[in-house]
Amino acid sequence: MNYKIPRGTFDILPADSSKWQYVQQVFRKVAASFGYREITTPIFEMAELFERSSGESSDVVQKEMYRFTDQKGRSFALRPEGTAPVVRSYVENHLEMQGGRTRLYYMGPMFRYDRPQAGRYRQFYQYGVEFIGSNHPYYDAEVIALEMTFLKALGLTRPRLEINSVGCAECARDYDKALRDYYAPHLNELCPDCQKRYELKPRRLLDCKVPSCKAFRKDAPSQFDYLDASCREHFDAVCRYLDQMKINYQINPAIVRGLDYYTNTAFELICDELGAQNSIAGGGRYNALIAQVGGKDTPGIGFAGGFERLLLALEKENIQLPQNPNPALFMVLMGEEAVDFALPLIAELRQKGIYVDYNPEKGSFKAQLKAADSMNARYALIIGEHEAISRTLVLKDLSSGEQQSLSADELLSFPFEA
RNA sequence: GUGGAUGUAGUUCAAUGGCAGAGCACCGGAUUGUGGUUCCGGGCGUUGUGGGUUCGACUCCCAUCAUCCACCCCA
């Protein structure tokens, strides 16, 4: 039987693992500099957590969740997103007791049963942050600034920030009603998808790609006319903070987050070179979520980004990421005495963190040096019969070809790059 | 879930329905004390899988799986 990897999943192979480690490490550093602490939650939760928080009508819940029941018939789901589990943990562990403002970040695999495509997988890796405990617009800008700092630290310049306000629950209800009123007379002229959108999520009508549906868009009511004074003020304040932080953005009224829990600020980071799956991060405010999950009425804001798309974007900008290291030193040993002499030295060098390799299966000098070369080693350490007897070593620089003779002590203090 | 393209060696790609090939990579060798360049040698691979048409299928047809692209959705 030949086993194959499940559809929509991928292995992170050794050739790429250092890239993944690198971007994760940069994210951890940036998050820490903003005062965020890491939280790790299980990859599965009660299915109901996602059904209630994301919304029964959302695509994620309706058709993309991996559900299963355990041996006792309890209903679980592989997490399709990270915010609900973090909020669940926040409420369950009373993290709100530790001061008013809670800053959390997380990273790990998420799961959605979706048709795979470039930049879209069934198991994919996200990083994200949640700021819980304040509705102050400064924090909306702060989480955005965190993401922008992260991208900048990686050297990315092309992603674009788009921002919108979906208003509070009341504004959203008013706006949905206005949209339905506007589209109602044209309902049978809309595409079948839009007819569903009309029922489920009217604001999705605004970014339909079917030309006949697009035609109605220009006279459709605007989100901004239906924001109440405090929502409008909140949005303006967020924009002002972004201006002060010198973060560029475009206001895009069509930004609609897929999950039901979002209120007010919604934003997305878009990298145009990535094709159809061009959103590398997205987030927004969720002032009703915490109460909905059973906590006290507490506002929050956060975002999540996808590592796969981030890596694609880095590739598009030709940004070099760390490769796996090459050996600092490759041993070329001839004869038992040389091996006796060398093995303790190898052990000491490795103890110092220096990458040393040796291949006892290669018989001749030539073959051993060839092996050193194919491993891209920086130096070869040659010990033959003469050296074993005289207790000296020959260190050969494999890029220049120069050799020098050293003692064991000199080798151990040689400035190898660890 | 819908539509389209693609699937040949580790990899990138060839092969008017008529013997499945090449570059790169890989392994071995050119007198076990000096690598990279060079030279020589090394390939039967379930042509993604299963059916069908045909004297004969990598090639045509159907199904299936996978990848990619678009829709959808989103990270």
Side-chain angles (χ1 to χ4, degrees), chain A residues 1-2 4-10 13 15 54 57-65 79-83 107-128 147 159 191-194 196-197 200-201 204 207-210 213 255-259 266 268-271 274-283 303-313 330 332-335 338 359 361-388 394-403:
Chain A
M1 181 64 189
N2 270 334
K4 286 204 287 187
I5 196 168
R7 180 160 204 211
T9 66
F10 56 92
L13 300 173
S54 299
S57 70
S58 67
D59 277 33
V60 165
V61 168
Q62 275 205 327
K63 47 189 193 193
E64 295 173 5
M65 265 206 323
R79 62 183 183 195
E81 59 103 22
T83 299
M107 36 210 271
M110 305 293 163
F111 305 83
R112 289 183 203 170
Y113 187 88
D114 206 340
R115 181 111 167 217
Q117 199 174 321
R120 187 167 77 185
Y121 300 92
R122 288 181 175 177
Q123 174 171 339
F124 55 102
Y125 295 81
Q126 282 192 336
Y127 59 92
E147 170 69 357
C191 71
D193 279 340
C194 279
K196 271 181 243 152
R197 292 181 180 117
L200 286 175
K201 208 163 272 185
R204 285 248 185 263
D207 58 2
C208 183
K209 274 127 196 140
V210 176
C213 297
I255 296 261
V256 182
R257 313 265 53 241
L259 309 176
E268 218 164 292
L269 264 123
I270 294 172
C271 186
L274 297 192
Q277 308 304 320
N278 62 359
S279 168
I280 66 175
F303 74 85
F307 280 119
E308 296 82 6
R309 293 181 191 177
L310 188 67
L311 259 10
L312 283 174
F330 200 98
V332 174
L333 308 177
M334 292 303 295
N359 186 345
E361 293 174 285
K362 301 293 179 187
S364 65
F365 257 84
K366 191 190 283 271
Q368 293 198 36
L369 273 166
K370 217 170 195 168
D373 188 59
S374 71
M375 291 294 292
N376 288 312
R378 180 83 180 78
Y379 294 98
L381 187 75
I382 299 171
I383 309 179
E385 289 164 23
H386 310 320
E387 290 82 7
V394 173
L395 185 68
K396 175 164 184 157
D397 183 322
L398 287 170
S399 49
S400 68
E402 285 166 24
Q403 301 192 168

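So you know, we letter chains A, B, ... as the sequences are listed, proteins then strands, and number each from 1. Predicted, not measured: the structure shown is a model, and the values here were computed from it.
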Worksheet entry | Euclidean distance for C1', B:rC26 against B:rC60 (whole angstrom) | 37 Å
The nucleotide from B:rU34, B:rA75, B:rA70 with an atom nearest the side chain of A:I382 is B:rU34
Between the base of B:rU34 and the side chain of A:K396, is one N or O donor paired with an acceptor at under 3.5 angstrom?
yes
To the nearest angstrom, the CG-P distance between A:D193 and B:rA70 comes to 17 Å
Spacing of the P atoms in B:rG52 and B:rA14 (rounded, Å): 30 Å
P spacing across the pair B:rC40 / B:rC24, given as an integer number of angstrom:
12 Å
So, the side chain of A:Q368 versus the backbone of A:K362: is there a donor-acceptor pair under 3.5 Å, distance only?
yes
Atom CZ of A:R120 and atom P of B:rG1 are separated, to the nearest Å, by 12 Å
Students often get this wrong, so: under 4.0 angstrom with heavy atoms, is A:G128 touching a base, only sugar-phosphate, or nothing? nothing
As its Watson-Crick or G-U partner within any shown strand, both distances under 3.5 Å, B:rC71 has B:rG1
(message) Tell me whether A:F124 and B:rA75 count as stacked here, given that the ring centres must be under 5.5 Å apart and the planes must differ by less than 30 degrees.
(response) yes
Atom CG of A:L395 and atom C1' of B:rU34 are separated, to the nearest Å, by 14 Å
Worksheet item: Could one point to a donor on the side chain of A:R115 or the base of B:rC68 with an acceptor on the other under 3.5 Å away?
Response: no
Using a heavy-atom cut-off of under 4.0 Å over every strand shown, decide if A:K362 touches base, sugar-phosphate, or nothing. sugar-phosphate
If pairing means Watson-Crick or G-U wobble with both distances under 3.5 Å, then the partner of B:rC19 is none
Regarding the side chain of A:R257, the nearest nucleotide among B:rA75, B:rG35, B:rU32 is B:rA75
The reported gap from CE in A:M375 to CG in A:L398 (rounded to nearest 0.5 angstrom) is 12.0 Å
5'-most contact on RNA chain B (nearest-nucleotide basis), A:D397 vs A:L259, goes to A:D397
The nucleotide from B:rC72, B:rU32, B:rA75 with an atom nearest the side chain of A:M334 is B:rU32
Exercise for review: Please measure how far the C1' atom in B:rU2 lies from the corresponding atom in B:rU59, and state the result in whole Å.
Suggested key: 30 Å
CZ of A:F10 to CZ of A:F124, rounded to nearest 0.5 Å, is 10.0 Å
Whole-Å distance, A:N278 CG to B:rC72 C1', equals 14 Å
| query | A:L310 near the nucleic acid: base, sugar-phosphate alone, or nothing, with a heavy-atom cut-off under 4.0 Å? | reply | nothing
Assert: residue with more 5' nearest nucleotide on RNA chain B, out of A:V60 and A:S364, is A:S364
**A:Y113, OH atom: more than 12 neighbouring heavy atoms under 6.0 Å** = no
Practice problem: With heavy atoms under 4.0 Å as the rule, sort A:L398 into base, sugar-phosphate or nothing. | Solution: base
Check: When all nucleic acid strands are considered with a 4.0 Å heavy-atom cut-off, which category describes A:E268: base, sugar-phosphate, or nothing?
Finding: nothing
What contact category does A:A276 fall into here, base, sugar-phosphate, or nothing, at under 4.0 angstrom with non-hydrogen atoms?
base
Q. Is the phosphate of B:rC73, meaning OP1 or OP2, less than 4.0 Å from a side-chain N or O of A:R197?
A. yes
* Interatomic distance at P, B:rG10 relative to B:rU16, whole Å -> 23 Å
- Can you find an N or O donor on one side and an acceptor on the other, under 3.5 Å apart, linking the side chain of A:D373 with the base of B:rG36? no
Any strand, both distances under 3.5 Å, Watson-Crick or G-U wobble: B:rU6 pairs with B:rA66
Rounded to whole Å, the NZ-P distance (A:K370 to B:rC39) equals 13 Å
request  = Could you give me the CA-CA distance, side-chain angles and deciding distance for A:D397 and A:R378, then say whether side-chain contact (heavy atoms from CB on, under 4.5 Å) is met?
outcome  = CA-CA 6 Å; A:D397 183 322; A:R378 180 83 180 78; 3.1 Å; yes
Review point. Does A:Q123 reach the main-chain N or O of A:G8 with its side chain, forming a donor-acceptor pair under 3.5 Å?
Key: no
Taken to the nearest whole Å, OH/A:Y125 to C1'/B:rC74 is 18 Å
| request: Rounded to whole angstrom, note down the P distance from B:rG3 over to B:rU8. | output: 24 Å
Base, sugar-phosphate or nothing for A:Q123? Non-hydrogen atoms, less than 4.0 Å. nothing
>> Should the side chain of A:Q368 and the base of B:rU34 be counted as holding a donor-acceptor pair, with the cut-off at 3.5 Å?
In response: no
(Q) Suppose you measure atom C1' in B:rG43 against the same atom in B:rG50; what distance do you get, rounded to whole Å? (A) 27 Å
- Donor-acceptor pair under 3.5 Å: do we get one between A:R7's side chain and the base of B:rU67? no
In whole angstroms, the gap separating C1' of B:rC73 from NZ of A:K196 amounts to 12 Å
Taking B:rC74, B:rC68, B:rA66 as options, the one with an atom nearest any side-chain atom of A:S279 is B:rC74
For B:rG36, the nucleotide meeting Watson-Crick or G-U wobble distances (both under 3.5 Å) is none
Whole-Å distance, A:M110 CE to B:rA75 C1', equals 10 Å
Distance col, row A:I382:CD1 vs A:L369:CG, nearest 0.5 angstrom, shows 5.0 Å
Using Watson-Crick geometry (N1-N3 plus N6-O4 or O6-N4) or G-U wobble (N1-O2, O6-N3), each under 3.5 Å, B:rC58 is paired with none
Q.
For A:G384, is there any backbone N or O sitting under 3.5 Å from a side-chain donor or acceptor partner on A:E387?
A. yes
So, does A:R112 use its side chain to make a donor-acceptor pair with the main chain of A:V60 at under 3.5 Å? no
Applying the 3.5 Å cut-off to both distances, the Watson-Crick or G-U partner of B:rU47 turns out to be none
Integer angstrom distance from the P of B:rU37 to that of B:rG18: 40 Å
> Just checking A:G335: base, sugar-phosphate only, or nothing, at a heavy-atom cut-off of under 4.0 Å?
Replying inline: nothing
Exercise. So what does A:S399 hit on the nucleic acid, given a heavy-atom distance under 4.0 Å: a base, only sugar-phosphate, or nothing?
Worked result: base
- Could you tell me whether A:Y127 contacts a base, only the sugar-phosphate backbone, or nothing, with contacts defined as non-hydrogen atoms closer than 4.0 Å? nothing
Among B:rG35, B:rG33, B:rC72, the one nearest any side-chain atom of A:D59 is B:rC72
Give a yes/no on whether any side-chain N or O of A:K366 is located under 4.0 angstrom from OP1 or OP2 of B:rG35. yes
Applying the 3.5 Å cut-off to both distances, the Watson-Crick or G-U partner of B:rG41 turns out to be B:rC27
Would you say A:Q117 reaches B:rA70's phosphate, i.e. side-chain N/O to OP1/OP2 under 4.0 Å?
yes
Sugar-phosphate, base or nothing in reach of A:G384, heavy atoms under 4.0 Å = base
Ignoring hydrogens and geometry, is there a side-chain-to-backbone donor-acceptor pair from A:R120 to A:R115 under 3.5 Å? yes
